[in-house]
Amino acid sequence: MTVVGIDDTDSRERGMCTTYAAARLRERVGGRCLLVRLNPAVPYKTRGNAALAVVTDSDPETAFDAARELVESDAELADDRTNPGVVVASGSPADVPPEVAGWTDRAMREILSPEAARDICERYGYQTAGWETEQGLVGALAAVGAERAWERAGVDTSYEIISYRERDRWGTDRRVDADSLFAAADAHYPTVWDTVDRTTGDLVAVPHTPGPVLHAIRGDDPDATRECARAVDSEAIERRCTFETNQGTDAHLASGTLETARDGRSYRLDATVSTAPDTREGGHVFLELADGEARLNAAAFAPTGRFRDWVRALRVGDDVTACGEVTDGTVKLEKVAVRSLRETERVTPECPECGRRMESAGRGQGYRCRGDCGTTASGKVDQEIARDIEVGWYEVPPHARRHVARPLIRGGFDAPVHPES
Ligand code: ATP
């Protein structure tokens, strides 16, 4: 058996997609494909930071030659941000050395160099080919280690079925019948998820980029996901490919604390809301989180749409688990678990006679009626807060979700869920 890792063949402006190169490679050498989402915070990514592996029974030399040929013919090498890498390992992907699986784990959370990837490849006798800066070797090696890394960490992988366009249609408007996509998505929900956004009407599975993907359907079960893809009425499909993937798993989130959270990483953070949510210019919602002395800003940005209503419903004193990437000292919220809600607040009492809010009777003197009822009160009183949010998990809508983010509908959460679909 042979594992071929391949990455960074595409270009933001010119199109292509490394999944397409992997699909073509699989057709040439046989086998199956893995689609690995790596650290969403890396600056080199084109879009979703994907790396690909083809697991094949072909011998390493044949697979290596085929992969190099495909990169030469398909990669957008004219784009100076396209820096392909190919790594070929002989043996089963379940048996790669722990250091290689460890590389995959690190590539989820850290920023790594092609030189370090090359060192590991040399140590284990892997064949490599790199173009330009060779940054693609980072992802290619991470794809080689993915299966073992997922197995070790107990990642419950999902599936993506990508349907590709005829080459002469690349860059033109896509023809996908929305009604058939919605019907197929409904027929297979929730086994198949993130296909459409039922509130905004967005076709989440249909990209807007110039590349070869017509639609990409995601789900827990490969057969149901394929059936869903086949039920969509559209322009001609050139080819389809099934990928096993860590999409929808939250594999990017590490347990962290406000004190130790660092920029460029994604976390689950237990904290207490310490400032009232504030909607600023552009519709972004900000609040501050506290844990002991530590403080961290959190934001629900405008593209997260209706998720911001839940964030706005938070109050000072609520206990939460905040999930997302930390950038410039701010956690960009993808998901929030409300652990406990503050149910009361301390307020100035009302006069029991006239019902008006009392006024201070002087420093340390309590409160008195501001009219002539003559009533007094010794201090502030508890008042119930009407809450528009419940305990449990809330998430951004499908159109705003990161590939690697686990949709609540997939289950596996430690509190009630309030899924967006
Ligand atoms: P697409 O939208 O088609 O999936 P992409 O977002 O996957 O594109 P690439 O063109 O593959 O983007 O570019 C990502 C680059 O970043 C690759 O060269 C990859 O090797 C590299 N890379 C991935 N993870 C890391 C990491 N953790 N540290 C450093 N480089 C990384």
Side-chain angles (χ1 to χ4, degrees), residues 4-24 33-53 67 70-71 74-87 100-121 126 128-146 149 160 162 164-165 170 204-216 218 241 243 245-247 251-254 262-266 325 401-404:
V4 185
I6 172 167
D7 198 6
D8 208 342
T9 63
D10 56 348
S11 135
R12 199 188 295 254
E13 291 77 28
R14 301 165 66 96
M16 244 314 274
C17 175
T18 307
T19 67
Y20 187 73
R24 298 228 300 145
C33 290
L34 308 178
L35 192 175
V36 192
R37 294 287 176 183
L38 299 171
N39 186 353
V42 307
Y44 316 106
K45 69 177 181 180
T46 311
R47 287 177 296 267
N49 202 9
L52 278 296
L70 264 171
V71 172
D74 282 14
E76 290 293 348
L77 290 165
D79 185 328
D80 61 7
R81 288 171 51 98
T82 301
N83 302 295
V86 170
V87 172
V100 176
W103 178 266
T104 311
D105 292 337
R106 290 175 60 202
M108 282 302 304
R109 306 204 171 116
E110 301 172 28
I111 307 287
L112 304 169
S113 74
E115 294 74 28
R118 192 176 272 291
D119 282 350
I120 294 180
C121 291
Y126 296 168
T128 60
W131 288 259
E132 311 295 333
T133 70
E134 305 191 343
Q135 190 67 36
L137 290 176
V138 172
L141 180 59
V144 168
E160 173 157 319
I162 304 186
Y164 295 99
R165 318 184 70 192
W170 295 14
V204 180
V206 182
H208 302 287
T209 47
V213 177
L214 182 64
H215 55 70
R218 297 174 178 183
C241 188
F243 299 86
T245 165
N246 62 345
Q247 287 170 169
H252 63 312
L253 298 180
R262 285 200 272 142
D263 274 4
R265 298 202 182 193
S266 302
E325 179 191 325
R401 216 166 277 157
R402 294 194 123 153
H403 302 289
V404 73

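Remember, it's 1-based here, ligands and their atoms both numbered in the order they're listed. Since the model is a prediction, treat every value here as computed from it, not as a measurement.
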**Q** Using the side-chain hydrogen bond (donor to acceptor under 3.5 Å, both in side chains) criterion, which residues pair with H215? Sequence neighbours excluded.
**A**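 Scan of H215 (side-chain hydrogen bond (donor to acceptor under 3.5 Å, both in side chains), adjacent residues dropped) gives none.
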
**Q** Do the non-hydrogen side-chain atoms of I6 and V71 ever get within less than 4.5 Å of each other?
**A** yes

**Q** What atoms of ligand 1 come within less than 4.0 Å of a heavy atom belonging to I111?
**A** 28 (N)

**Q** For a quick test of reading the model, state the closest non-hydrogen atom pair linking L38 to G139 and the distance between them.
**A**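 Minimum heavy-atom separation between L38 and G139: CD1-CA, 3.7 Å.
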
**Q** Would A140 count as a polar contact of ligand 1, with the cut-off being nitrogen or oxygen pairs under 3.5 Å?
**A**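 No, there is no polar N/O contact under 3.5 Å.
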
**Q** Just so I know, are the side chains of T82 and W131 near enough to count as touching, which here means a heavy-atom distance under 4.5 Å?
**A**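 The answer is no; the side chains never approach within 4.5 Å.
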
**Q** Could you see which bit of E110 sits under 4.0 Å from ligand 1, with heavy atoms only: side chain, backbone, both or neither?
**A** backbone

**Q** Taking V138's backbone N and O only, do any of them form a donor-acceptor pair with W103's side chain (distance below 3.5 Å, no angle check)?
**A**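 Checked: pair present.
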
**Q** Going by heavy-atom distance to atom 14 (C) of ligand 1, choose the closest among L141, N49, I6.
**A**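 Answer by nearest heavy atom: N49.
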
**Q** Have Y20 and T9 got a donor and an acceptor in their side chains that come within less than 3.5 Å?
**A**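 Side-chain D/A pair, Y20 to T9: absent.
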
**Q** Can you tell me if N39 uses its side chain to pair, donor with acceptor, with the backbone of E110 under 3.5 Å?
**A** yes

**Q** Is N83 reaching over with its side chain to a backbone N or O of Q135, donor-acceptor style, under 3.5 angstrom?
**A**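 Absent.
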
**Q** Compare T104, D7, L35, L137 and give the one whose heavy atom is closest to atom 11 (O) of ligand 1.
**A**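 When every heavy atom of T104, D7, L35, L137 is considered, D7 comes closest to atom 11 (O) of ligand 1.
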
**Q** May I ask you to list the atoms of ligand 1 that are less than 4.0 angstrom from any heavy atom of A50?
**A**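 Selected atoms, number and element: 4 (O), 5 (P), 7 (O), 11 (O).
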
**Q** Taking distance alone, with N or O pairs closer than 3.5 Å, would you say C17 contacts ligand 1?
**A**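 Checking ligand 1 against C17, no N or O pair falls under 3.5 Å apart.
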
**Q** Out of L112, T133, T82, L38, whose heavy atom is nearest to atom 29 (C) of ligand 1?
**A**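 The residue whose heavy atom sits nearest atom 29 (C) of ligand 1 is L112.
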
**Q** Quick check against the 3.5 Å criterion: does R37 have a side-chain atom that pairs as donor or acceptor with the backbone of G48?
**A** yes

**Q** Should you measure from each heavy atom of G136, which atoms of ligand 1 turn up under 4.0 Å away?
**A** 18 (O), 20 (O)

**Q** So is there a nitrogen or oxygen of T9 less than 3.5 Å from a nitrogen or oxygen in ligand 1?
**A** no

**Q** Considering both backbone and side-chain atoms of D8, is one of its nitrogen or oxygen atoms within less than 3.5 Å of a nitrogen or oxygen in ligand 1?
**A**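 Yes - when backbone and side-chain N and O of D8 are compared with those of ligand 1, one distance drops under 3.5 Å.
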
**Q** Within ligand 1, which atoms have a heavy atom of G139 less than 4.0 Å away?
**A**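 Those atoms are 19 (C), 20 (O).
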
**Q** Report, in ascending order of atom number, the atoms of ligand 1 lying under 4.0 Å from any heavy atom of D10.
**A** 1 (P), 2 (O), 3 (O), 8 (O), 9 (P), 10 (O)

